[in-house]
Amino acid sequence: MRVKRAISGWLVLLVVLHATVIFAGFFSPYDPAEQDRKNPYLPPMRVHFVDARGRFHARPFVYSLRLHEGTFDQYEEDTSRPLPLKFLVRGASYHLLGLLPARLHLFGVQDERIYLLGSDSYGRDQLSRFLYGGQVSLLAGLLGAGVTLLVGLCVGAVAGYFGGWRDDLLMRLAELFLALPWLYLLFALRAFLPLAVSPLQAFYLIIAVLGAVGWARPARLVRGVVLSAKERDFVRAARGFGATDAYLLRRHILPEASSVLLTQAAILVPQFVLAEMTLSFLGLGVPEPVPSWGSLLSSLQQYSVLASYWWMYLPALIMLPFFLGYLGLGGELQQRREPYKIGKEPGGLR
Amino acid sequence: MKVSDNDKDMQPLVRVENLMKSYANRKITGQCEEVRAVDGVSFTIFPGATLAVVGESGSGKSTLALCLACLEKPTSGNIQFEGADISKLAEKERRTIRRKIQLIFQDPASSFNPRWSVLEIVAEPLALQGSLSRDEIRLRALALLEQVGLSPEMERRLPAELSGGQRQRLAIARALALEPSVLILDEALSALDCSTQAQIANLLVDLQSARDMTYLFISHDLAMAAHLADEIAVMNHGRIVEQGPPDKILKQPQTEITRELLAAVPRMTFARPEAQ
């Protein structure tokens, strides 16, 4: 666009957060499936600069944890064994972006293992699982939103532009889908498929279901925009120059819908990530050992975990900035909807 | 202005016969009410001439314009253009006819895509023709801008950055791009202030003599219509109630509606304040 826009702070936040998830292999210290059976439900290790004797260390360190005497799940810091943090260390091998084989990790400790977010019942590192799980959950959210918006765009454009019986049919269908209890629809769909599906199949199933239930709202929004856009004089004028329907939709009418779609995308992505989490929480998501945000939280289904291991909630807390980023961006996009109103200075809305 | 060739002179460019356009107005009760926007209108326009259609808002002028520009299908009646009936053509044929009958709108705010630059706007009809190269399109578009008195330096501006008069000049330039034989001006001057109105009116007169254009001038302003047109038709409730040369309409109005429109024309009066 011709008018230079200030880069949104929300966008920067989102880019940074997504980078940590995309390069999960580098940012996480371990493989998400790697188990440490000796250390189940280990609480998060605190990063120290000052040791037990009050001496300051320039290099941050953690203390290794040992069982409190007489208990089986209470840990305490072993102050005799500081584990200095090492940066850019070689560790478990992974594939960067699923392609490049690499062994470099942002941080790690020697000999022992570090758990900044604690460990789960198998002693798997929660931080690594969170970052890798984000790949699955965010991708499901993004792809689901993409499918939804694509379907919504096509349906809305046809209904709004051509009108008549197509409009009636598509909008009644949209109302039906809006009224559908989608969770139960999903149960029914899942029951239809074999009990054990591969992680990839389950992933596609989630996206298909999210897309199938989500298209109605964007379709109605796009239809509204198309209805008002096609009556504008510049659309009439272009028809007067011999423009075809396809040209009018592509060049004049659908660009009007772009800001609505962007705003919708920003709202839908977190919504779909949450939907994926719900599914995984209920055991209908991507199966173990592939981590996803929903399966990370699904251990909270057990009361003992809920009550005793508070750090199992932490992933939910860290997800918040992701969702806030999307919603903040969505709000900002909505405010920028009509940048070039005639009669105002371009970009005068800012 | 009129073509000297006698045969051509006799052949009208546009002949509208008993044109009717009605819309179905669905009420909340489910009943359908037929609204006749244009109700049996007939007229002819000769090449190089200007017909003004004058009427109050809601009298069916704009619907008439849309039907004539092939943007709406008339309910009944026929429209002959260059001797052929164009009111019942298929969409594909209408598309080619539309290029020859161009429409200029009243509202400059919605006449242009607000995201497009001046150059893109003028170039659109040329690009839609599909037979010109990018460079040719650009050259022609700049020439068109110059013809209507816009400087080529404005090519990168957005419509929001133009004045009302500049926007209407831009609309005229765009409409001329396809070298139409008829230009329909649907309240094209109404949104402009007085001095700008006069400038654009002069531009229209100049273009008519230079290009042998035929105008259908639609307005509620009887004075401006009389200034520009060879013939005036007064419309009311979808019908033409009075038709004739401007002199006759101004001096001997036959109907009440014409007298009302005449009374609405602002007059210069010098009312000196009484000395106190």
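The candidate with the highest count of non-hydrogen atom pairs below 4.5 Å against chain B, out of A:Pro255, A:Ala229, A:Gly240, A:Ala243, is A:Gly240. With respect to chain A, the highest number of heavy-atom pairs below 4.5 Å among B:Thr96, B:Leu66, B:Leu103 belongs to B:Leu66.
Side-chain contact between B:Arg95 and A:Arg239 is absent, with no heavy atoms from C-beta onward closer than 4.5 Å. Two residues are said to be in side-chain contact when any heavy atoms from C-beta on lie closer than 4.5 Å; B:Lys21 and B:Arg36 fail this criterion.
Both tests hold for A:Arg166 against A:Phe162: distance to the six-membered ring centre under 6.0 Å, angle to the ring axis within 45°.
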Given the rule in the side chain to side chain donor-acceptor pair (under 3.5 Å) test, do B:Gln106 and B:Ser190 qualify, once you have shown the distances and angles that lead to the verdict? CA-CA 7 Å; B:Gln106 170 182 7; B:Ser190 309; 4.7 Å; no
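Both the backbone and the side chain of A:Ala238 come within contact range of chain B, each with at least one heavy atom under 4.5 Å from a heavy atom of that chain. Looking at B:Arg174, the atoms closer than 4.5 Å to chain A (heavy atoms on both sides) sit in the backbone and in the side chain alike.
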